[in-house]
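Report on one structure; see the data block that follows.
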Amino acid sequence: MNLERLFRPKSIAVYGGKWSDYVVQQCRKLGFSGEIWHVNPTRENCIKSTDNLPGVPDSVFLGINRDLTIKEFRLLKKKGIGGAVIFASGFNEVKDGEAFALKLDHAAGDIPYIGPNCYGFANFFDRVAMWPDQVTGKSLERGVAFISQSGTISVTVMGQRRSLPLGYVITVGNQQRLAAEDLIQYCAEDDRVSAIGLYLEGILDVQKFIDSVDHARSLGKPIALIKVGRSIQSQSIAMTHTGALTGSDEIHDAFFERIGVARCETLSSLVETLKIFHCFGPLPSNKILILGASGGDMSMVSDTAKGFELDFTAIPEDKLDALKATVGNRVKLSNPLDFQTATWFENTKLQEMFDVLLKCGYAVTALMLDPQDETEADTESFDNVIEVLLKVAQKTTAKVSLLSSLPESLTKSTRERCLSSGVVPLQGLLESIEALCHAAKISKVWSEWSPPQIVSSNNESIGVKPLNEFEAKNLLREHQINIPESKLVSEDKVLEAAKAIGFPVVLKAVVPEILHKSDISGVSLNLKNVSELKDALSKMSGLSDTFLVEEMITECVAEFILGMTDDKQFGLTITLGTGGIFTELLKDSVVLMMPLSKKYVKESISKLRSNKLLKGWRGQPEGDSEELVETVMSFEKFIKSNIENLTGCEINPLIVRPSGKGVVVADALIMMKEK
């Protein structure tokens with residue numbers, strides 16, 4: 001679909017009254033050089049109808065009600081327009097709007113449009129604003145594209161006082177014809193676009209979104225977004241703990257991380273992340289150096305950065321002598337670096353210090369500084385230090401930042417001086433730390449590109465049938481997942497089975513309609529002899545006609561949960577986390593998207609708090625981490641082999657024994673389709 005005429009028009013037509021007046025005004029404000037035709041039958045200075053247009057407009061703003069929008073679009077299609085902005089509401093977002101949405105699509109034919117119920121777009125590259133409101137920004141040759149499902153958020157981003165250079169601001173409204181994924185592709189192909197920002201409430205086509213992100217990646221265009229809407233899990237699996245751990249938001253997190261899209265928490269962190277992307281692209285690593293002339297500032301940096309995946313590697317030893325020669329022997333050469341104030345007024349020393357530090361190989365070297373308000377104080381000394389930094393930065397290929405702890409500390413003139421020198425001005429300590437962390441993760445994903453596959457079973461079923469535990473475990477064993485030695489027997493054969501297996505044993509009542517046997521006291525663990533077994537069996541008498549007798553798994557280092565969820569949007573995903581009785585209490589879990597790799601699984605396990613147990617917590621033996629990885633890989637194969645009939649699966653607990661002794665399924669629940 002060719003979007004050039006829509007977003008880079010040579011001529012435009014604007015339909016409507018007061019809201020549409022803004023479109024004409026803002027286009028003229030930006031300096032749009034093409035033809036502007038305002039269509040309004042009730043105004044003297046406007047064109048009366050579509051038939052009276054003096055030419056064929058490339059792009060049309062339809063700021064009229066839904067009935068007139070459909071009528072005029074039908075006429076404009078016949079004229080051969082290039083695209084349109086649909087401002088009107090009352091389509092798929094309201095109860096009676098579906099019929100109007102269908103009429104709109106029919107009227108438009110194959111002509112691209114954004115909306116309905118959208119604010120339009122501003123193109124600062126080509127000085128055109130199909131935008132029914134104030135436009136804040138200026139013409140530029142290179143900048144970020146911002147695509148949003150919210151007009152108000154777009155206005156806010158457009159008016160930010162953080163000097164993020166915006167080339168496109170595009171709203172998508174209902175995404176009836178053009179969705180965010182279409183616009184990612186379009187913006188990525190524009191050589192003037194440095195990076196792409198998104199504000200999304202939802203993704204319409206996940207696979208198309210993956211493809212568009214991949215296309216942007218291939219063109220070197222990083223993406224950062226805010227995804228709002230903490231929605232309820234689309235397919236609730238109340239029968240398992242996995243359903244309680246894995247919600248839509250957790251899957252979105254895993255999805256964005258897998259495809260290398262930086263998910264930001266606030267507009268501030270989004271803007272700062274996009275500034276880094278605009279200036280540097282994805283950072284080559286997470287090795288950061290931050291310096292300043294204040295011990296308090298550097299302490300704030302250390303505290304704020306705690307919990308973020310940033311590496312404050314020490315200054316290289318081969319640079320220490322040269323650095324001491326500039327800052328003196330009293331300065332502790334650490335990272336973050338408090339270089340104190342001895343060199344504050346000595347330009348030569350400052351220049352030498354910056355020169356040494358910018359040769360240390362950090363992904364970003366940031367000077368933290370909060371200049372005073374120039375209207376209330378003499379800022380000459382601050383300005384001087386900044387000028388020295390910019391001077392040195394322009395002579396090197398190192399990535400340099402000027403970072404302020406408070407967003408308002410960097411004035412517009414300071415920010416623009418930084419940008420013109422290739423230095424990124426970062427504003428606000430927390431959002432800047434978050435932005436650096438986001439920017440440091442993308443390169444790794446790009447270099448190891450492995451997008452998720454949306455795998456889902458679409459077969460209809462009339463119900464769900466749970467397998468009993470014996471059946472479930474044996475099905476898992478067929479896929480090289482270790483289970484305890486076990487026997488399924490009647491009550492009179494329990495003692496015989498236990499002797500054959502060998503004490504200690506576990507006794508479980510098999511009740512198909514009860515998924516969690518502990519709820520009915522149907523489980524007894526670590527039965528060491530015949531007496532204990534008989535006592536346990538007596539207490540379970542009447543619960544079931546069938547019993548599962550298993551070997552008792554000893555030497556447990558850690559218990560995990562391993563489960564599968566079938567999400568309506570993202571298909572089958574795997575959840576791995578702390579298991580046993582603490583599963584829902586701790587909620588220590590990660591979502592893995594298929595296909596898996598051993599490296600991906602290892603990295604996911606390392607994010608869990610329970611990973612400390614596998615490393616040998618407080619003198620305890622290390623867990624068999626390698627076998628845990630193999631078990632997760634085998635679990636994926638099990639899912640794919642049974643995809644046509646499987647509706648849910650959960651292993652809990654999955655017991656990890658000491659290194660070399662393996663991983664064993666202690667309990668398993670599998671639900672199959674009834675057709």
Side-chain angles (χ1 to χ4, degrees), residues 1-94 96-97 99-123 126-135 151 170-174 176-178:
M1 190 181 299
N2 189 340
L3 306 183
E4 287 291 302
R5 290 179 66 197
L6 170 59
F7 291 113
R8 303 181 65 179
K10 298 294 188 295
S11 60
I12 64 174
V14 180
Y15 286 67
K18 187 171 180 59
W19 284 103
S20 299
D21 289 340
Y22 275 109
V23 177
V24 177
Q25 293 166 9
Q26 301 311 304
C27 278
R28 288 176 177 155
K29 174 183 172 182
L30 282 182
F32 178 64
S33 60
E35 295 283 351
I36 302 176
W37 302 312
H38 196 163
V39 180
N40 188 315
T42 65
R43 290 186 179 179
E44 293 184 2
N45 297 324
C46 291
I47 296 170
K48 300 303 179 185
S49 71
T50 298
D51 291 337
N52 298 130
L53 285 170
V56 179
D58 290 318
S59 190
V60 176
F61 184 89
L62 290 166
I64 47 184
N65 66 45
R66 63 184 181 181
D67 295 285
L68 288 174
T69 292
I70 293 167
K71 175 186 174 183
E72 296 300 336
F73 211 153
R74 190 175 290 114
L75 297 173
L76 289 163
K77 179 182 69 173
K78 293 178 181 178
K79 280 189 170 289
I81 65 169
V85 173
I86 311 298
F87 183 57
S89 60
F91 292 88
N92 277 328
E93 79 278 8
V94 296
D96 70 337
F100 288 92
L102 291 172
K103 290 178 182 178
L104 176 63
D105 261 349
H106 180 73
D110 59 359
I111 295 173
Y113 62 86
I114 54 175
N117 195 19
C118 86
Y119 237 42
F121 70 88
N123 173 356
D126 301 298
R127 303 187 180 193
V128 56
M130 304 291 273
W131 191 265
D133 205 333
Q134 294 285 340
V135 167
I170 305 173
T171 62
V172 293
N174 291 3
Q176 187 167 316
R177 174 62 56 87
L178 292 176

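For the numbers below, each heavy atom of this structure counts, side chains included, while hydrogens, waters and symmetry mates do not.
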Using the side-chain contact (heavy atoms from CB on, under 4.5 Å) rule, take F7 and V128 through it: C-alpha gap first, then chi angles, then the decisive distance, then the call.
-> CA-CA 8 Å; F7 291 113; V128 56; over 6 Å; no

Please test L178 against M1 for side-chain contact (heavy atoms from CB on, under 4.5 Å), starting from the C-alpha separation and ending with a verdict.
-> CA-CA 10 Å; L178 292 176; M1 190 181 299; 3.6 Å; yes

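At least one side-chain heavy atom of F73 sits under 4.5 Å from a side-chain heavy atom of I81. Residues V23 and V85 form no side-chain contact, since every pair of their non-hydrogen atoms from C-beta on lies 4.5 Å or further apart. Proximity of V172 to C118: side-chain heavy atoms (C-beta onward) are nowhere separated by under 4.5 Å. Side-chain atoms of F100 and D67, non-hydrogen and from C-beta on, do get closer than 4.5 Å to each other. Put simply, the side chain of D21 reaches to within 4.5 Å of the side chain of H38, judged on heavy atoms. Within the 4.5 Å cutoff, the side chain of T69 has no heavy atoms near those of the P116 side chain. Using a 4.5 Å heavy-atom threshold, the side chains of L76 and L53 count as touching. Contact annotation: the side chain of Y113 approaches that of D105 to within less than 4.5 Å [non-hydrogen atoms, C-beta and beyond].
Smallest separation of non-hydrogen atoms from V60 and M130: C-CE, 3.5 Å. Closest heavy-atom contact between G80 and V56: O-CG1, 3.5 Å. Considering every non-hydrogen atom in both N92 and N174, the closest pair reads N-ND2, 3.7 Å. G90 and R66 get closest at one heavy-atom pair: O-NH1, 2.5 Å. Contact between S20 and G63 at its shortest, heavy atoms only, is OG-CA, 3.7 Å.
Looking at K29, its side chain does come within 3.5 Å of a backbone N or O of V135 through a donor-acceptor pair. A distance-only check finds a donor-acceptor pair linking the side chain of N40 to the backbone of G16 [under 3.5 Å]. Under a 3.5 Å cut-off, the side chain of E93 and the backbone N or O of N117 do not form any donor-acceptor pair.
With rounding to the nearest 0.5 angstrom, the CZ atom of F61 is 10.0 Å from the CD1 atom of I12. Between atom CD of residue E72 and atom CZ of residue R74 there is a gap of 10.5 Å, rounded to the nearest 0.5 Å. A distance of 9.0 Å separates CD of Q176 from CD1 of I86, quoted to the nearest 0.5 Å. The structure places CD1 of I111 at 12.0 Å from NZ of K79, a figure rounded to the nearest 0.5 Å. Once rounded to the nearest 0.5 Å, the distance linking CZ of F32 with NZ of K10 reads 8.5 Å. Of the inter-residue distances, the one linking S89 atom OG with N65 atom CG reads 9.5 Å to the nearest 0.5 angstrom.
Atom CG of D110 has 12 or fewer heavy atoms from other residues, nucleotides or ligands within 6.0 Å. Within 6.0 Å of NZ on K77 lie more than 12 heavy atoms contributed by other residues, nucleotides or ligands.
Taking the six-membered ring wherever Trp is involved, the centroid distance between the rings of Y119 and W131 falls below 6.0 Å.
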